[in-house]
Amino acid sequence: MKIRKHSAQLIALYAKGFARLGWRGMSAQTRRLAVAVSPQDTHRLLDLARAQRQFAFREEALATLMRAQEALKRRERAAGFEEPALLGAAMDPARGDQGPVISGIAREWASLARTYLEFSKPELAIACYQRGLHLAPHLADLWDQYGHLLRARDQFEEALQAQEAAYRLHHRDYGRRHKIGELLKILNREVDALEIHHDHEPWTQLRAAEQRPDLPAALVRAGASLQAAASEQGADIVIDLSDLVHFLRVRRFFSGIQRVQAEIALGIMDNPGPHRIHIAMFNDVDAKWELKDPQALRALISEAQQRAGHGPKRLRAPADAVLRSSGGDFAALKAPILFVPGATWSAWRLPLAIKAAKRRQGLRYVPFVHDCIPLIVPDTCSADMPNMYGRWLAASATVADAFLVNSENTGRDLARFLSEGSGREEAALPPIKATPLNARTSLGGASVKPRLHARVDSVLSARGFALTVGSIEPRKRHIDIFRAWEILIGKHGDKAPVLVLVGRAGWREEEAVNYLDNSPSLKGSVFWLTDLSDEELAWCYENAQFSVMASEYEGWGMPVTESLNAGLPALVARNSALVEAGSEAVRYFETRDPASLAQAVEALAMDRQALAQAKAQCAVARLRDWQDLADDTLSLLNTVARQPLSPERAAPLLMVGTSADFGARSYGPDLCVQEGVMHGPAWAARNPGALWTVGGGEAILAFRLAAGQGPARLVLELRAGADDLAFSPQISVDEGDFDALEPVTLRAGQRRTWETVLPASTRPGEVIFQLRLRSDARFAARAIGIERMSILPA
C-alpha cells in the first residue's frame with residue numbers, strides 16, 4: 001500500500017511539472033495514471049477532475065468527483081467511523097479532537113467541497129462541508145469556509161452560526177469577529193454587532209481621541225486658506241486603492257473594475273503635472289487613511305500583470321508589502337483631493353471620515369461610479385447589496401465635490417438618482433464627468449493558444465467558434481445565449497458555430513450552469529473555460545469568428561471594447577452603456593430575446609460576406625490609450641482643486657414640513673437626509689430600522705433651514721438600546737456655542753417622541769442648526785435610536 005501511495009505521489013509530481021511547462025494534455029494523462037495507481041487517493045482524484053474541467057469535459061470531471069466522494073466514504077468505514085448524518089445537532093464544536101485520521105478525512109471533505117464550488121455545485125459543496133464538520137467540529141478553518149459559502153448564498157442565519165462556531169474555537173481572531181459583526185448588521189441585530197465590532201483596542205483609542213469634534217459649520221472656514229496655496233503650487237492628490245490591494249491579496253488576476261483602477265492610477269502617477277500623488281489605504285476600524293509607498297504598489301500591479309492566469313493563486317506577499325509600507329502622514333496634508341476609483345460601499349465609516357477630514361484639512365472628495373446596477377436591476381444582486389449601495393450613494397451625495405463616471409449612460413443614471421434623493425435640480429448637483437472606457441487593451445502582450453484537449457481543439461478548428469467573456473451571473477444573461485444556441489443547433493446542426501464561454505462562476509450562477517449541464521443539444525457545442533491568462537484570452541479574441549455580449553445592464557462593457565480592440569465583430573444587447581461601448585462598430589440584438597440573438601448569430605455565422613463586412617465595421621471604433629483616460633481623470637481633479645469648498649456640504653438644506661424615516665431600506669430622500677445630517681464619531685453602522693448612536697462620544701445632527709419659513713420645531717422619534725440611559729441634548733445656531741436643553745431619560749427598549757423649538761437666528765439667510773446628543777451609555781453600547789426626524793411648523 002505504501003509503495004502504491006509513493007508511486008502515485010511521484011507520478012503526481014511529474015503531472016505538476018508538465019503543468020508548469022504548459023503541457024496540459026500530458027499533465028492530464030499523467031494525473032489519470034496517478035489515479036490508476038492509487039484509486040482511493042482523494043487528492044489525486046481532485047487533481048484529475050480539475051484537469052478534466054480545463055479541457056471542458058464537465059461530465060467526466062463530475063463523475064471523477066463522485067468517485068472521490070465514494071472513496072472518502074470507504075475510508076470512513078475502514079477507519080471504523082459511523083456513517084455521519086448531515087449537520088443537524090452537530091453544530092456544537094466542543095466535541096474535541098477525534099484524532100489525526102478523522103481530521104484528515106474531514107479536511108478532504110472540505111477539499112472536495114471547494115472543488116464542487118469550482119464546478120458551480122454549491123448544494124453538493126454544502127453537503128460536503130456538513131459531513132466534514134460532523135466528523136471534526138473542532139476545525140475552525142472548516143467552519144470559517146462553510147460560513148463564507150453560506151453567506152455568499154444569502155443564508156445569513158446559518159452563516160452566522162458557522163462563524164460563531166469558528167470564533168468560539170479561536171476567540172482572539174479579530175478577523176472572524178469582524179465577519180460575525182457584518183452578518184449581525186445584515187440581520188438587523190445592531191446591538192450585538194456593535195459589541196462585536198467595538199470591543200477592539202484601536203477603536204477604543206480612536207474614540208478617546210475624538211471626544212470633541214469640530215463643528216460641522218467649520219467646514220466653510222477650513223478650506224479657504226488651505227486651498228489658496230494648493231491651487232497655485234499643485235495639489236496633494238490621494239488615490240485610495242484599498243479595494244485594488246485587498247482584491248489582489250486574494251486573487252491572482254484583475255477583474256474589470258480592478259483593471260480600470262490600476263491603469264488610471266498608473267497613468268496619473270506617470271504624468272502628475274504639478275501635483276503630488278499619494279497612494280492610500282482606508283482603515284475602516286480606525287476610520288483613517290494610511291499613505292503607502294507608490295513603488296510597492298507598482299510592484300504589486302506588475303506582479304498581477306505577469307501572473308495573470310498562472311502561478312500562485314494569490315498575490316498575498318506583494319499585497320502585504322503594500323500594506324506594510326509607509327508613504328507619509330495623511331493627516332499632515334493640506335487641502336488634499338481624495339480620489340477613490342474602486343468599490344468602497346462596504347466601508348460604512350468612510351463618509352464620516354471624509355466629513356471629519358473636510359473640517360480638519362479642507363479635503364475634497366471625488367469617487368468613481370462604475371455603474372448603478374444595484375439600483376437599476378437589484379434582483380440581479382445579492383440580498384444586502386441594494387441597501388448597502390444605496391447608503392453609499394446617499395452618503396456620497398452629501399460629501400462628494402465631483403463624480404467621475406465611465407459612460408454617459410452611467411452619468412445620466414447617477415444624476416437621476418442623486419436628484420431624486422436630494423430633491424435638487426441636476427444643475428445644482430456636484431459636477432459629473434464621464435471618461436468613457438474605450439481604451440486599447442494589450443491583454444498581456446503576445447497571445448498564447450490555450451492547451452485544450454485534442455477533441456475540443458479539433459471541434460473548434462472544424463466548426464469555428466463564437467466567444468462570450470464574463471462571469472456567469474444572472475445579469476449577464478448567459479441563459480439567453482444558451483437558448484439562442486439551442487435554436488441554432490436545432491436549425492443547422494453541426495454547421496452552427498461552437499460557443500466558447502470564458503469566465504468564472506459568479507453570484508447565483510446555478511440557473512445558467514444547470515441549464516448548460518442538462519441541455520442535450522448543447523453538449524459538444526458549448527465549452528466553458530476558466531482561469532485563462534490574459535495571453536490565452538487574447539488568443540480567443542484573435543481566433544474567434546465573433547463575440548457575443550447579452551448582459552441586460554452594464555456600466556460600460558469591457559468585453560465589447562476588448563473585442564473591438566482585436567478587430568473581432570461583436571453582437572451586443574441593445575441597452576445601457578453597451579451602445580456607447582459598441583457605438584457604430586458592432587451589431588445589436590434585443591435584450592432578453594434569444595430569438596433575436598439567434599437571428600443575429602445566424603446572419604454572421606452562415607454568411608461569409610456578412611462576417612467580412614462586420615469585421616470591416618470594427619474599424620470605425622474610436623479607441624484611446626489608457627493614458628488618455630488618466631489625463632481625463634486628472635483634468636477633473638484639477639477642476640476640483642480650483643473650486644472653493646461649498647457650504648452646502650456642511651449640512652443639507654431642509655424645508656419646514658420635512659419628515660425623514662431613518663429606518664429606510666432603499667435609496668431615496670429619507671436615506672439622503674439621514675446620511676447628510678450625521679456628523680461626529682459616535683454613530684453606529686447604518687441599520688435598517690433606526691439610526692443609532694453609541695456611547696463614548698458625540699453624535700451631531702446638522703442641517704440648514706432657509707430664512708423666512710417661520711418658527712419651526714424639531715421632532716425626533718427615539719428608542720433606547722439595551723440599557724437605561726440619560727442623555728443631554730445641546731443645540732447650536734449658526735456657528736454659535738452649544739446651549740444645553742433639558743435632560744431626557746429613556747428606559748431600555750423604550751420608545752418616545754422628543755421635540756424642541758428651533759431658536760431664531762441672529763442674522764438673515766440660511767440658518768445652520770446643530771443638535772448634539774451626549775449619552776451616559778457605557779462605551780461601545782448602542783444608545784439612542786432615531787427612527788424618524790421631522791421639522792414641523794412651531
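In this structure, CE in Met678 is found 12.5 Å from CD1 in Ile700, a value given to the nearest 0.5 Å. Distance check, rounded to the nearest 0.5 Å: NE2 of His246 to CG of Leu241 gives 11.0 Å. For the atom pair CG (Leu714) and CD (Glu755), the distance works out to 9.0 Å, reported to the nearest 0.5 Å. Between Ser422 atom OG and Glu675 atom CD the span is 13.5 Å, to the nearest 0.5 Å. The OG1 atom of Thr410 lies 9.0 Å from the CD1 atom of Ile376; values are rounded to the nearest 0.5 Å. We find the CG-NZ distance between Leu363 and Lys355 to be 13.5 Å, quoted to the nearest 0.5 Å.
Between Ile180 and Glu164 the shortest heavy-atom distance is CD1-CA, 3.9 Å. Considering all non-hydrogen atoms of both residues, Asp371 and Pro374 come closest at OD1-CD, 4.0 Å. Of all the heavy atoms in Pro652 and Gly676, the pair that sits closest is CD-O, 3.4 Å. Here the closest heavy-atom approach between residue Leu414 and residue Cys372 is recorded as N-SG, 4.0 Å. In terms of heavy atoms, Arg391 sits closest to Gln674 at NH1-NE2, 3.1 Å. Val366 approaches Leu404 most closely through the heavy-atom pair CG1-N, 4.3 Å.
Looking at Leu418 and Ile432, their side chains come closer than 4.5 Å, going by heavy atoms from C-beta outward. Contact check for Asp236 versus His278: side-chain heavy atoms found under the 4.5 Å cut-off. Counting heavy atoms from C-beta outward, Leu746 and Asp724 have side chains that stay 4.5 Å or more apart. Ser382 places none of its side-chain heavy atoms less than 4.5 Å from the side chain of Arg508. Trp392 has its side chain out of reach of Pro351: every pair of non-hydrogen atoms, C-beta onward, lies at least 4.5 Å apart. The side-chain heavy atoms of Met789 and Val715, taken from C-beta on, include no pair separated by under 4.5 Å. No side-chain heavy atom of Val656 sits under 4.5 Å from any side-chain heavy atom of Leu792. By the 4.5 Å heavy-atom criterion applied to side chains, Pro729 and Leu771 are counted as neighbours.
In summary, Asp401 and Lys358 engage in a salt bridge, as defined by a charged side-chain N under 4.0 Å from a carboxylate O. Between Arg719 and Glu787 there is a salt bridge, since at least one side-chain N of the basic residue sits less than 4.0 Å from a carboxylate O of the acidic one.
When atom types are taken as modelled, the side chain of Tyr365 and the backbone of Phe339 share no donor-acceptor pair closer than 3.5 angstrom. With hydrogens and angles disregarded, no donor-acceptor distance shorter than 3.5 Å links the side chain of Arg364 to the backbone of Leu338. In this structure, the side chain of Arg772 does not engage the main chain of Gln770 through any donor-acceptor pair within 3.5 Å. In terms of modelled atom types and a separation under 3.5 Å, the side chain of Gln361 and the main chain of Leu333 share a donor-acceptor contact.
Between Thr693 and Trp683, the side chains place no donor N or O within less than 3.5 Å of an acceptor N or O (distance only, hydrogens not considered). Neither side chain, Asn283 nor Trp289, offers a donor N or O lying under 3.5 Å from an acceptor on the other. Judged purely by distance below 3.5 Å, without hydrogens or angles, the side chains of Asp739 and Gln730 never pair a donor atom with an acceptor atom. If you check the side chains of Asp413 and Tyr553, you find a donor sitting under 3.5 Å from an acceptor.
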- Given the rule in the side-chain contact (heavy atoms from CB on, under 4.5 Å) test, do Ser326 and Lys292 qualify, once you have shown the distances and angles that lead to the verdict? CA-CA 5 Å; Ser326 176; Lys292 301 300 178 183; over 6 Å; no

- Task: Give the intermediate values and the outcome of side-chain contact (heavy atoms from CB on, under 4.5 Å) for residues Met655 and Ile791.
- Result: CA-CA 7 Å; Met655 306 298 292; Ile791 301 174; over 6 Å; no

- Task: Test Gln130 against Tyr146 for side chain to side chain donor-acceptor pair (under 3.5 Å), laying out the working first.
- Result: CA-CA 8 Å; Gln130 289 175 337; Tyr146 180 54; 3.0 Å; yes

- Kindly indicate, with the supporting measurements, whether the criterion side-chain contact (heavy atoms from CB on, under 4.5 Å) is fulfilled by Phe703 and Val767. CA-CA 8 Å; Phe703 56 90; Val767 185; over 6 Å; no

- Go through the steps for Ile784 and Trp754 under the test side-chain contact (heavy atoms from CB on, under 4.5 Å), then give the verdict. CA-CA 12 Å; Ile784 309 166; Trp754 175 86; over 6 Å; no

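The distance between the ring centers of His370 and Phe368 falls below 6.0 angstrom.
For Asp379, the CG atom counts as densely surrounded, since its 6.0 Å shell holds more than 12 non-hydrogen atoms of other residues, nucleotides or ligands.
The side chain to side chain contact (heavy atoms under 4.5 Å, CB included) test applied to Ala159 returns Leu150, Arg151, Leu183, not counting sequence neighbours.
The side-chain hydrogen bond (donor to acceptor under 3.5 Å, both in side chains) pairs that include a residue from residues 653-663 are Ser659-Arg788, Ser659-Ser790, where partners are two or more places apart or lie in different chains.
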